[in-house]
Structures are given as C-alpha cells and as structure tokens.
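Everything below concerns the one structure shown next.
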2 protein chains.
Amino acid sequence: MLVGMTATKEDGRRARGQRSREVILAQAVALASVHGLDGLTLGRLAEAAGVSKSGFFAHWRDKEELQLDAIAWAHRQWVDLIVRPALLEPAGLRRLLALHEHRIRFYTDGILPGGCFFFAAQVEYDDRSGPVREAVARALSDWLAFLERLVAEAVALGELPEGTDTAQLAYEIDALGETSVTHARLLRHGDDEPRAYAMARRAVLHRLRGLATDPSLLPEG
Amino acid sequence: MLVGMTATKEDGRRARGQRSREVILAQAVALASVHGLDGLTLGRLAEAAGVSKSGFFAHWRDKEELQLDAIAWAHRQWVDLIVRPALLEPAGLRRLLALHEHRIRFYTDGILPGGCFFFAAQVEYDDRSGPVREAVARALSDWLAFLERLVAEAVALGELPEGTDTAQLAYEIDALGETSVTHARLLRHGDDEPRAYAMARRAVLHRLRGLATDPSLLPEG
DNA sequence: CAACTTTAAGAACGATCGGTCGTTCAGATA
DNA sequence: TATCTGAACGACCGATCGTTCTTAAAGTTG
C-alpha cells in the first residue's frame with residue numbers, strides 16, 4: 001500500500017462510529033439543556049439517538065466521560081454560533097455588543113430545546129465536585145475571560161474610558177444575558193416573543209452607550 | 001365539654017406530626033437547593049430528616065405534593081429574610097437597595113447549602129410543565145412584580161426620574177443579583193469571599209446612583 | 001482467506017427510584 | 001375502659017438507573 005497518499009481513505013467502520021458518536025453527542029447536549037447534565041439519562045439518550053443503551057458503551061467508558069465530551073461539544077457550538085460571528089465585527093464596543101446580541105439570538109432561535117446548555121450545567125454543578133464540575137467551571141471562566149478581553153480592547157481603543165473595571169463590566173453583561181433564558185421561558189405570555197430577551201438586549205445596549213466615549217458607535221436604544 | 005373555649009386544645013399526636021413536617025420541609029428545601037427539586041430524592045430526604053421513607057407518606061400524598069409545599073416553605077423563608085427586613089428601610093431607592101443587599105446577604109451567609117432554592121428551581125423547571133412549574137413561575141412573577149413596585153415607589157417619590165421603565169430596571173436588578181450565586185460558587189479562589197457577590201452589589205448600587213435624582217441618598221460605591 | 005478489531009445489540013446485573021402494604025404504637029374520644 | 005385516629009415503621013413492589021457480559025455482524029489487516 002502506498003503510504004502517504006490519500007490519507008483520508010474511507011473507513012466504513014470508523015466513519016460509521018464517528019457519525020453515531022456525533023449524533024449521540026448532539027442529542028446529549030440537547031437533552032442536557034432540558035434535563036441537566038445529571039438528569040440526562042442513558043435510556044432517554046439512547047432512545048432519542050436511535051441506538052441501544054449498551055451500544056453506547058462502545059464509545060464512552062461511562063456516563064461521566066460522555067458528560068465531559070458533551071461539554072466540549074457544547075463549547076464548540078457556542079464558539080461557532082456566538083463567538084466567531086462576533087469576531088467579524090470591528091474590535092471594541094461594536095464587537096462587544098455583537099457578542100451579546102448573538103448570544104440572545106442563540107436563545108431566541110431555539111437552537112437548543114432547553115435554551116442554554118451551559119447555564120443549566122452551571123446551576124446544576126456549582127455545588128458539587130469532580131471532573132464535570134471542573135469542566136463547567138473552566139467553561140464559565142473562559143467565557144468571562146473572553147468577555148473581559150473584549151472590554152479591555154474597547155478601553156485600549158479609547159471607546160471606553162481609561163480605568164474601566166473590566167471584570168465588573170464583563171460580569172454585568174453576562175448576568176444580564178444569562179438571566180433572560182429562564183425569565184423568558186417561565187413567564188411566556190401567549191405566542192409573542194418574551195419580553196425578557198428585549199430587556200436583556202436593551203440593558204446591555206444602554207449600559208454600553210452610557211459608558212462609551214462616543215455613543216454614536218452604537219445603535220440608538 | 002365546653003364548646004368554644006380553648007379551641008386550641010393540645011393534640012400531642014398532631015403536634016408531633018407538625019413538628020416533623022416542619023423538619024422534613026426544611027431539609028427538603030435545603031436538599032433541593034443543592035440537587036434541585038427533581039433531583040431531590042425521598043431516600044436522601046428521609047435519611048437527612050431522620051425519618052423512614054414510608055413515614056413520609058403520612059404527610060404527603062406523593063413527591064409532587066411535597067415539592068409544592070417546599071416551594072411555599074422556601075417562599076416564606078425568602079419573605080422573612082429578604083423582603084420583610086427591606087421593608088424596614090424608608091420607601092424608595094434606599095428600600096430598593098436594601099432588598100438587593102439582603103438578597104446578597106442571604107447568599108453570603110450560606111443560609112441554604114445550595115445557595116438559592118428558587119434559582120435552582122427556575123432553571124430546572126423553565127422547560128417543563130405541570131403544577132410544580134406553575135408554582136415556580138408564580139414565585140418568580142411575584143418577586144419581579146414586587147421589585148417593580150419598589151421601583152415605581154421610588155419614581156412616585158421623585159427619587160427616580162419620571163418615565164423610568166420599571167419592568168426593565170426590575171429585570172436588571174434581579175439579573176445582577178441572581179447570577180452572583182452560580183459565579184461565586186463555581187469560581188471560588190481560596191477562602192476569600194468570592195468576587196461575584198461584590199460585583200453584584202456594586203453593579204446595582206452604581207446603576208441606582210446613576211439614575212437617582214439625588215445620589216446622596218445612597219452610599220458611595 | 002484467516003485473524004483481528006470495531007460497532008452495536010440483547011440480556012441481565014445490583015442499586016436505587018417513587019410508591020404501597022400491613023402493622024405498631026401513642027394519644028384523643030366516647 | 002373500649003374504640004378510634006394519626007404518625008411512623010419495615011418490608012416489599014415494579015420501574016428505571018448506570019453498567020457489564022456475551023454475542024454477532026461488519027470492516028480492516030496480514
């Protein structure tokens with residue numbers, strides 16, 4: 001066999017395995033966004049993914065390994081649909097606002113049936129211990145650090161005043177976005193778009209306009 | 001027997017029942033703040049409360065009835081430790097800030113081992129249906145309505161400008177307080193008081209000072 | 001082709017889930 | 001005193017939990 005040529009030779013077995021692995025993970029993240037990472041059940045997952053409960057163990061040693069992989073999968077989804085699109089905007093306030101908007105969009109579009117995977121996981125694991133908790137904590141920590149970096153960039157560009165407390169502003173933006181999921185879902189009135197999402201959008205927009213050295217960079221509220 | 005006199009005649013049986021009912025409910029709320037209302041298990045609850053699993057059914061028909069009672073119990077606790085103390089402050093901005101401060105205090109004091117019962121319940125039940133979900137939704141709705149009323153009072157007193165969006169401000173205050181629990185618990189550094197609580201406090205204080213017609217009503221940040 | 005590995009299913013495991021059963025015992029009532 | 005009631009228990013139920021074992025087919029490799 002010629003080594004080094006067409007390294008991507010088809011492997012029917014492995015390809016099939018990879019495909020069902022992907023299906024299971026996507027379903028796991030969707031189910032976990034509803035029932036939580038712990039409330040996620042292998043029986044339900046197997047049924048939703050169309051595989052047997054035992055066939056699952058061909059891919060993961062145990063439930064915990066699946067949970068860790070689900071976190072990684074959800075993280076990639078978050079980066080793809082929220083972080084990366086925001087990076088298309090010019091650095092500074094506009095990018096910061098775009099990040100927040102893409103996040104809210106992620107919720108209103110109903111990408112995940114439970115709203116937000118990470119939010120559910122954070123609340124579920126904030127008072128436990130073990131590898132899953134550490135992974136969830138790292139995801140939150142990374143997200144906040146990223147938010148803070150965007151804030152710092154806006155300061156460096158002169159769009160926010162020198163001396164702005166970057167961690168504080170990052171916390172506020174995250175808090176105002178995070179809470180909207182639960183409020184929107186618990187307080188629906190009829191079929192109209194829940195008010196919580198609009199309030200989350202306005203809160204951050206007004207906050208940034210209030211701080212901006214040049215508010216005209218941002219749309220009017 | 002003299003009818004109408006000392007109607008509260010002691011019944012040792014019922015008194016005993018009432019006492020263990022109280023013990024079980026307190027434990028249920030504590031456990032649910034950690035594991036969630038659904039993750040709450042009758043076995044764990046029985047062990048924590050020092051009763052048998054079956055003896056539990058002398059007081060509640062099923063788990064759902066207990067969950068509903070636990071919500072009512074947690075609501076009373078919330079009113080006692082957060083709402084009522086805040087009402088001791090003069091109406092307006094100071095009362096509004098006091099409410100927020102008492103809430104954060106509730107968290108930092110570690111009243112519940114899981115931080116916040118309602119927060120956990122909201123995230124857990126925002127995408128389900130049934131009586132428990134409705135009770136959780138009503139609790140959130142009442143809380144937001146109360147916050148909004150305090151804001152409206154501040155407006156009526158002239159401490160906030162006419163035309164203030166009361167629902168919007170109520171949402172922001174709640175969001176900034178709510179998120180602190182999870183962040184604090186997931187991002188602890190060593191033994192020092194988590195920074196999330198301080199940020200939640202400062203966020204609301206600065207927000208209110210920024211809006212106030214007379215900022216000197218509030219402490220400096 | 002033979003030998004081996006990977007994917008997947010079926011059956012079954014012990015543990016635990018929420019819940020029922022019959023019973024016991026203390027205390028109230030007649 | 002005799003009877004009744006509410007609290008609490010231990011034993012046990014079917015269902016489901018996460019997990020293991022065995023088996024079989026499909027695909028890869030020597």
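Residue numbers start from 1 in every chain, and the chains themselves are labelled A, B, ... in the order their sequence lines are given, proteins ahead of strands.
The interatomic distance linking Glu65(B) (CD) with dG18(C) (C1') rounds to 14 Å, in whole Å. With rounding to whole Å, Asp62(A) atom CG is found 5 Å from dT19(D) atom P. Here dA15(C) presents its C1' atom at 15 Å from CG of Leu42(A), a figure rounded to the nearest Å. For Phe56(A) and dT7(C), the CZ to P distance is 14 Å, given to the nearest whole Å. Atom CZ in Arg61(B) sits roughly 14 Å away from atom P in dC21(C) (whole-Å rounding). The distance between atom CG of Asp38(B) and atom P of dT16(D), rounded to the nearest whole Å, is 15 Å. The CG atom of Leu37(A) sits 12 Å away from the P atom of dG18(D) (whole-angstrom rounding). The NZ-P distance, from Lys63(B) to dC17(C), rounds to 9 Å in whole Å.
Of the candidates dT19(D), dA8(D), dA8(C), dA8(D) carries the atom nearest the His59(B) side chain, counting heavy atoms from C-beta on.
Remark: Arg133(A) does not engage Asp126(A) in a salt bridge, criterion side-chain N to carboxylate O under 4.0 Å. Contact check on Arg201(A) versus Glu193(A) returns a salt bridge, with a Lys/Arg side-chain nitrogen under 4.0 Å from an Asp/Glu carboxylate oxygen. Classification of Arg103(A) and Glu178(A) as a salt-bridged pair holds, one side-chain N sitting under 4.0 Å from a carboxylate O.
The phosphate of dA7(D) has neither OP1 nor OP2 within less than 4.0 Å of any side-chain N or O from Ser20(B). Residue Thr41(A) places no side-chain N or O under 4.0 Å from the OP1 or OP2 atom of dT16(D).
Residue-level contact check: Leu40(B) touches the backbone only, with heavy atoms under 4.0 Å from sugar-phosphate atoms and none from bases. Within the 4.0 angstrom heavy-atom criterion, base atoms lie near Phe57(B). Counting any heavy atom pair closer than 4.0 Å across all strands shown, Ser52(A) reaches a base atom.
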Enumerate all atom pairs, one protein N or O and one N or O from nucleotides 11-13 of chain C, separated by less than 3.5 Å.
none

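Remark: Arg149(B) is not positioned above the aromatic ring of Phe146(B), lacking an NZ or CZ atom under 6.0 angstrom from the ring centre and at most 45 degrees off the axis.
Taking the six-membered ring for Trp and the full ring otherwise, Trp143(A) and Phe118(A) have centroids separated by 6.0 Å or more. Annotation: Trp78(A) is in aromatic contact with Phe106(A) [ring centroid separation under 6.0 Å].
Inter-residue side-chain proximity for His102(A) and Leu81(A) is flagged as unmet; no heavy-atom pair is nearer than 4.5 Å.
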